[in-house]
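Remarks on the structure that follows.
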Amino acid sequence: MSRHFPLFADLNNRPVLLVGAGHIAARKAEDLLRAGARLRVVARELSPVFQDWLAAGRITYLGAAFAPAQTDGVFLVVAATSDSELNARVFAAAEAAGKLCNVVDTPHCCSYIVPAVIDRAPLQVAISSAGTAPVLARHWRQQIELLLPRHSGTLATLAGRWRARVKAAVQGTEARRRFWERLFASRFDTLVAQNRLAEAEAEIARQLAAQPALRGEVTLVGAGPGDAGLLTLHALQALQAADVVFYDALVSDDIRALIRKDATQISVGKRAGAAQVAQGEIHDLLIRHARAGLRVVRLKGGDPFVFGRGGEEAQALQAAGIPCRVIPGITAALGATAYAGIPLTHRDHAQAVTFITGHGKGDRDLHWPTLAQRRHTLVVYMGTLTAATLQRQLLAHGRAANTPVAVISRGTCAEQQVRVGTLARLAELAHEAPTPALLVIGETVALHAQLAWFDAREEQAA
């Protein structure tokens, strides 16, 4: 967790103390002056550029010697000298005076840090590594710089000019947010990019006069098995656009961190042996919020249509007349086995794969002779509590006791654990495994020792 709170400070016409007047201090001074700060400078000697600023009346020179009293009445303090002892004294004085202070290239003497900035004034994007890796921050600034159109600042300027009129014409925070989202994704953006600003403002007026009624919708989003990097682009976009997100217990904190910050997040998680939200109640929540005109995301671990009851939710929404779309996710059988180095199929070992759930309506519905076939991979979701039954039935229908098996806990996450053994000990391995866990049974499990590439922990062989 970062110790720094990100903010943008308004320095216009505010006094700032700068100690130092070398080339590094000059870079800091340029940024401060550009922000409108009234710069007070302390330095043994002023470099030519500082002398020019002084002659132009852009800075105030306080003299060669630093004194703690110079921190009185200033908004920020910056120390940029080659004298580490002096820099430390400046920081101590600023701390004592309750002033934010930055000592250049000295993280332990900084109560604030200056991020790498992409400037599309008035739009700015700041990137910080909390002072640990400024070169990395600059690297990502360069990457993002390529993605941020040059006309983004003009878009922001025009939006600011129209903000009060939009607020007066469009009632409600959510309705206004949707208006701006539609506008920025429309022809308005093209007109601004072409510098046809009068036409761009006419487009704002046209869209403002033709406001559509709010219409709610529900998006069933697959969150994947846990690693946030496995989210699809469509999933990320849906999370950023949502007004309310109903999420499963298996959705990781890293994925929830990608949800739009002002969206409402509601847990409807289901875990075996724990308190649950009834499926019918989930249907009612989705329908009620969509009818209120909200964009609703139902965020489900793995894939919504693979043992996620997404089909039932889609049916309920369709019956209620609620628009619904589905964004697939990487299901656990694909993600967890890939991270464990276990192919689901392999030309030399397995020509078929079957997914089943251990929380079905009973093992009588399963065709055990098919599931027990050789050269066939069986993946069991939510099977730790029924592992003994699975083991007994597979053995009874001809699967060899030495068939390789794996129990993968917290698949794709940093805490992933893989327990490997044989079918004869499946129940024991499953009992030892943290949940959520996935059971994998079949010849390809033997390839785990060769192909494992992810940092699986507490691996056991049996």
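Excluded from the calculations below are hydrogen atoms, water molecules and symmetry mates; all remaining heavy atoms, backbone and side chain alike, are included. The first residue in the sequence is number 1, and the count goes up from there.
- The shortest non-hydrogen separation linking Ser409 to Pro434 is OG-O, 2.7 Å.
- Using a 4.5 Å cut-off on side-chain heavy atoms (C-beta onward), Leu451 and His346 make no contact.
- For the pair Leu438 and Tyr381, the minimum side-chain heavy-atom distance is below 4.5 Å.
- At a threshold of 4.5 Å between non-hydrogen side-chain atoms, the residues Val16 and Leu18 do not count as touching.
- Among residues two or more places apart in sequence or in another chain, the side chain to side chain contact (heavy atoms under 4.5 Å, CB included) test is passed with Gln142 by none.
- Phe184 and Ala159 get closest at one heavy-atom pair: CZ-CB, 3.9 Å.
- Results of the side-chain contact (heavy atoms from CB on, under 4.5 Å) test with Val440 over Val418, Val405, Val445 single out Val445 as the only residue that passes.
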For side-chain hydrogen bond (donor to acceptor under 3.5 Å, both in side chains), just list the numbers for Glu203 and Ser186, CA-CA rounded to whole Å, side-chain angles, deciding distance to a tenth of an Å, and then say yes or no. CA-CA 9 Å; Glu203 181 66 16; Ser186 71; 4.7 Å; no
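- Pairs passing the ring pair (Phe, Tyr, Trp, His ring centres under 6.0 Å) check and including a residue from residues 36-57, sequence neighbours excluded, read Phe50-Trp53.
- Taking Ile327 as the reference, Thr219, Val221, Thr232, His234, Ala235, Ala238, Arg325 meet the side chain to side chain contact (heavy atoms under 4.5 Å, CB included) condition, with sequence neighbours excluded.
- Shown here is Gln318, whose CD atom has no more than 12 heavy atoms of other residues, nucleotides or ligands within 6.0 Å.
- Checking side-chain atoms of Ser252 against main-chain N and O of Gly226 turns up a donor-acceptor pair under 3.5 Å.
- Glu181 has no carboxylate O lying under 4.0 Å from a charged side-chain N of Arg178, or vice versa, which leaves the two without a salt bridge.
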Would His151 and Asp189 satisfy side-chain hydrogen bond (donor to acceptor under 3.5 Å, both in side chains), going step by step from the backbone distance to the final call? CA-CA 9 Å; His151 67 282; Asp189 179 81; 3.0 Å; yes
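- Within the model, atoms CZ of Arg410 and CD of Gln417 stand 10.0 Å from one another, a figure rounded to the nearest 0.5 Å.
- Within the 4.5 Å cutoff, no side-chain heavy atoms of Thr444 are placed close to those of Thr337.
- Distance check: Leu299 CG to Ile255 CD1 gives 7.0 Å after rounding to the nearest 0.5 Å.
- For Asp262, the salt bridge (charged side-chain N to carboxylate O under 4.0 Å, His left out) test picks out Arg260, with sequence neighbours left out.
- Trp453 contributes a side-chain N or O that, together with a main-chain N or O of Ala338, makes up a donor-acceptor pair within less than 3.5 Å.
- With hydrogens and angles ignored, the 3.5 Å screen pairs a side-chain donor or acceptor of Thr377 with a backbone N or O of Leu344.
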Without placing hydrogens or testing angles, list every side-chain donor-acceptor pair under 3.5 Å for residues 22-37, not counting sequence neighbours.
| residue | atom | partner | partner atom | Å |
| --- | --- | --- | --- | --- |
| Asp31 | OD1 | Arg34 | NH1 | 2.9 |

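- Atom CG of Leu233 is surrounded by 12 or fewer heavy atoms from other residues, nucleotides or ligands within 6.0 Å.
- Applying the salt bridge (charged side-chain N to carboxylate O under 4.0 Å, His left out) rule to Glu217 yields no partners; only residues at least two apart in sequence or on another chain are considered.
- Taking the side chain as every heavy atom from C-beta outward, Leu155 and Phe188 approach each other to under 4.5 Å.
- Looking only at side-chain heavy atoms (C-beta outward), Leu447 and Pro343 come within less than 4.5 Å of each other.
- Between the side chain of Ser128 and the backbone N or O of Ala130 there is at least one donor-acceptor pair closer than 3.5 Å.
- By the 6.0 Å contact criterion, CD on Glu45 is open, its count of non-hydrogen atoms from other residues, nucleotides or ligands being 12 or less.
- When all heavy atoms of Pro134 and Thr132 are compared, the pair lying nearest together is CD-C, 3.8 Å.
- Judged purely by atom type and a 3.5 angstrom limit, Gln171 uses its side chain to pair as donor or acceptor with the backbone of Ala168.
- For the pair Pro122 and Thr157, the minimum side-chain heavy-atom distance is below 4.5 Å.
- Taking both residues in full, the closest heavy atoms of Asp303 and Phe305 are given as OD1-N, 2.7 Å, listed atom of the first, atom of the second, then distance.
- Formation of a donor-acceptor pair under 3.5 Å by the Asn87 side chain with backbone atoms of Thr81 is found in this model.
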Contacts under 3.5 angstrom, residues 93-106 side chains, donor-acceptor by atom type, not counting sequence neighbours:
| residue | atom | partner | partner atom | Å |
| --- | --- | --- | --- | --- |
| Lys99 | NZ | Val74 | O | 3.1 |
| Asn102 | ND2 | Tyr112 | O | 3.0 |
| Thr106 | OG1 | Val104 | O | 3.2 |

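- With sequence neighbours left out, Arg288 forms a salt bridge (charged side-chain N to carboxylate O under 4.0 Å, His left out) with no residue at all.
- Remark: Phe75 pairs with no residue by the ring pair (Phe, Tyr, Trp, His ring centres under 6.0 Å) rule, at least two apart or across chains.
- Between the side chain of His139 and the backbone N or O of Val135, no donor-acceptor pair lies under 3.5 Å.
- Looking only at side-chain heavy atoms (C-beta outward), Pro107 and Ile113 stay at 4.5 Å or farther from each other.
- Side-chain atoms of Asp227 come within 3.5 Å of backbone atoms of Gly229 as a donor-acceptor pair (strictly under, hydrogens ignored).
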Check against side chain to side chain contact (heavy atoms under 4.5 Å, CB included), Leu317 and His283: CA-CA 7 Å; Leu317 294 166; His283 296 171; over 6 Å; no
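- Across all non-hydrogen atoms, the minimal contact from Val41 to Gly20 is CG1-O, 3.9 Å.
- For Arg150, the side chain to side chain contact (heavy atoms under 4.5 Å, CB included) partners are Arg120, Glu145, not counting sequence neighbours.
- Looking at every heavy atom in both residues, Met382 comes nearest to Phe307 through CE-CB, 4.2 Å.
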Between Leu230 and Thr412, is the side chain to side chain contact (heavy atoms under 4.5 Å, CB included) condition met? List the steps. CA-CA 9 Å; Leu230 297 178; Thr412 78; 4.1 Å; yes
Would you mind writing out the side-chain donor-acceptor pairs for residues 56-71 within the sub-3.5 Å range, not counting sequence neighbours?
| residue | atom | partner | partner atom | Å |
| --- | --- | --- | --- | --- |
| Tyr61 | OH | Ala43 | O | 2.6 |
| Gln70 | OE1 | Ala67 | N | 3.0 |
| Gln70 | NE2 | Ala65 | O | 3.1 |
| Thr71 | OG1 | Pro68 | O | 2.7 |

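- The number of heavy atoms from other shown groups lying within 6.0 Å of CZ (Arg196) is above 12.
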Test side chain to side chain contact (heavy atoms under 4.5 Å, CB included) on Glu201 and Trp162; report intermediate values, then the result. CA-CA 9 Å; Glu201 294 207 60; Trp162 280 78; 2.6 Å; yes
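- Taking a 6.0 Å sphere around CZ of Arg165, one finds it holds more than 12 heavy atoms contributed by other residues, nucleotides or ligands.
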Before giving the answer on side chain to side chain contact (heavy atoms under 4.5 Å, CB included), spell out for Ile282 and Gln279 the whole-Å C-alpha distance, their side-chain angles and the decisive distance to 0.1 Å. CA-CA 5 Å; Ile282 294 175; Gln279 188 65 39; 4.1 Å; yes
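- Take Trp140 and apply the side chain to side chain contact (heavy atoms under 4.5 Å, CB included) test, not counting sequence neighbours, and it matches Ile127, Leu136, Gln143.
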